[in-house]
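Take a look at the structure below.
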Amino acid sequence: MSLPVSVPASAPEPVDPSRVGVWLVGARGSVAVTVVAGCAAVSAGLRPPTGLVTESPEFADSALPPLSELVFGGHDTLDCPLPKRAEALAAGGVLPPGLPSAVGAELDAAEREIRPGGPVPGETRSPRQLIAAFAADIDDFTRRLGLARTVVVNVASTEPAATGDSLPPSSLYAAAALEAGCPYVNFTPSTGLHHPALADALAASGLPYAGRDGKTGQTLLRAVLGPMFHQRALTVRAWSGTNLLGGGDGAALADPAAAAAKNAGKERVLADTLGSTPEGEVHIDDVPALGDWKTAWDHIAFDGFLGTRMILQTIWQGCDSALAAPLVLDLARLTARAHEAGLSGPLSELGFYFKDPVGEGPSALSDQHASLLTLATRLRSDAGERDGVERGGMERDGVERGGMEKRTEERGAVERGAEERGAVERGAEERDPGAGGAEEAS
């Protein structure tokens, strides 16, 4: 097979501290396309920022990168252009009618920054070569466009849990992010940075990272209902669920191994919020006719006072891409800002967004939200300190400029005094020419 040809390097733009790159692994998937189109629509005022937590007042002074300053690129093994993918999503009701054409320039710009991913069938490159190629693509993107930093976000299809020593694709991309010096977010349940072979590199990188598996629908409800049963001392006997979905996710999760990786996060939420794991499991069915839409049904059997048996059932019907896209934008902005503020390691405060969050943190959604707001406060304090330092530097510059101006004025006064004394002496010589002649004769 022929190897991907890199785009010829051009002169890098000057670094703009306000511009941040978002490198999407799975850049031509439904979630990624909705992220790019949605960011452009909100930035242009074509749509309100519904679902964007980072646009709420609590984050107003946290110095997050503006949506309008996010620059998109990514890797994918597919070759369908973003504008065409956006048109298909609009036809399916995922994007509003007319939006793909309204944000066509932004979709085209992102399309130009997508590079071939891997490994592909018949791949001849070694894992080390793939990591180096991916890292070079990310580094070129950051340098060529003059970006202050780039956040790598995995939004590719779910892969089966890793076995053995070999790195799965998600871990190859995660390793490339480390090599390129980029913060990393794993929005999928795939292995990513969690592979043991990456532990040392991750610890040495000093980079912030977040994950795993975005919490968008069924598990979001579980993170709310689980604490409710626990706090009301109601015993949950069984909690069973069914997911019906189509699109790329449905096809990927038709693989039992991938479905098992997905369900692990759903089960963790119940175990953490209830204090035990109830009977029951989640079944995931691929229904291609549903496209990007999914239906999640939960059946909860619990005991009330005096052992009275009761049932709670929930039905969640939603559009996966529209649920996920604002979370991806939030995570990219927060992780970029955390990197700017010098934070490193697992960003446990971002557990609000994940089924299986990294680091130590609460499991109940309300507690996770409180932790997220703590991060907002921390970032706000950092922004205030940076402003103070900059103001202090400006004041010092002003003092130094004032001192220089004063010294310049003093030197000017001395020079003018010398010139005046010289003029007086020359005038005296002109009035008494003999004095000068006698001095020369002596």
Side-chain angles (χ1 to χ4, degrees), residues 20-55 67-68 70-114 117 151-158 185-188 213-217 220 245-253 290-296 316-335 353-354:
V20 169
V22 182
W23 190 264
L24 299 167
V25 178
R28 292 193 172 102
S30 297
V31 172
V33 175
T34 307
V35 166
V36 176
C39 183
V42 174
S43 297
L46 301 177
R47 287 292 186 276
T50 305
L52 283 166
V53 179
T54 51
E55 286 294 292
L67 291 170
S68 59
L70 299 183
V71 182
F72 296 96
H75 282 116
D76 209 314
T77 56
L78 302 177
D79 58 6
C80 182
L82 254 61
K84 187 174 180 180
R85 289 285 292 119
E87 291 290 352
L89 291 177
V94 177
L95 297 179
L99 184 63
S101 59
V103 297
E106 289 84 354
L107 290 169
D108 286 335
E111 172 63 28
R112 289 192 295 271
E113 299 301 334
I114 297 177
V151 179
V152 176
V153 186
N154 182 18
V155 290
S157 296
T158 299
V185 177
N186 190 358
F187 199 73
T188 81
D213 200 3
K215 186 163 56 191
T216 60
L220 182 67
L245 69 164
D249 248 6
L253 295 174
L290 293 180
D292 203 57
W293 300 80
K294 71 176 181 181
T295 297
W316 176 286
Q317 293 179 301
C319 175
D320 231 18
S321 297
L323 290 166
L327 276 62
V328 171
L329 290 170
D330 279 349
L331 288 163
R333 300 174 79 192
L334 289 164
T335 306
Y353 294 98
F354 297 106

Nearest atoms (heavy-atom pairs only) where A90 meets P96: CB-O, 4.2 Å
Verdict with reasoning, L323 to L220, per side chain to side chain contact (heavy atoms under 4.5 Å, CB included): CA-CA 11 Å; L323 290 166; L220 182 67; over 6 Å; no
Non-hydrogen atoms of E87 and S101 that approach each other most closely: OE2-N, 4.4 Å
Straight-line distance of W293 CH2 to D320 CG, nearest 0.5 Å: 10.5 Å
CA sep, side-chain torsions, deciding dist, call: V42, L329, side chain to side chain contact (heavy atoms under 4.5 Å, CB included): CA-CA 11 Å; V42 174; L329 290 170; over 6 Å; no
Expected output: side-chain E111 to main-chain L82 donor-acceptor under 3.5 Å: yes
Check: T77/R28 side-chain N/O donor and acceptor closer than 3.5 Å: no
Separation between CG of L245 and CG of L290, rounded to the nearest 0.5 Å: 7.5 Å
Point-to-point distance, once rounded to the nearest 0.5 Å, from NZ of K215 to CG of L327: 9.5 Å
Heavy-atom side-chain proximity of L89 to S30 below 4.5 angstrom: yes
Salt bridge present between R333 and E55 (N-O < 4.0 angstrom): yes
Close side-chain approach of V185 and F354, heavy atoms under 4.5 Å: yes
Nearest heavy atoms of A86 and L95, plus distance in Å: O-CD1, 3.7 Å
K84 vs P100 side-chain heavy atoms within contact, under 4.5 Å: no
Beyond-backbone contact of V33 with V94, side-chain heavy atoms, under 4.5 angstrom: no
Student check: side-chain heavy atoms of P83 and D108 closer than 4.5 Å: yes
Heavy-atom side-chain proximity of T335 to V153 below 4.5 angstrom: no
Candidate pair L24 and V36, rule side chain to side chain contact (heavy atoms under 4.5 Å, CB included), full reasoning: CA-CA 10 Å; L24 299 167; V36 176; 4.2 Å; yes
Minimal non-hydrogen separation, G26 against V155, with atom names: O-CG2, 3.9 Å
Nearest-0.5 Å distance, OG1 of residue T188 to CG of residue N154: 4.0 Å
Exam field: side chain D330 to backbone T54, donor-acceptor pair closer than 3.5 Å: yes
Check: F72 and W23 side chains under 4.5 Å, non-hydrogen atoms: no
Any K294 side-chain heavy atom under 4.5 Å of T216 side chain: yes
Closest non-hydrogen atom pair, A324 against F187: CB-CE2, 3.6 Å
V31 versus S321, closest heavy-atom pair with distance: N-OG, 3.7 Å
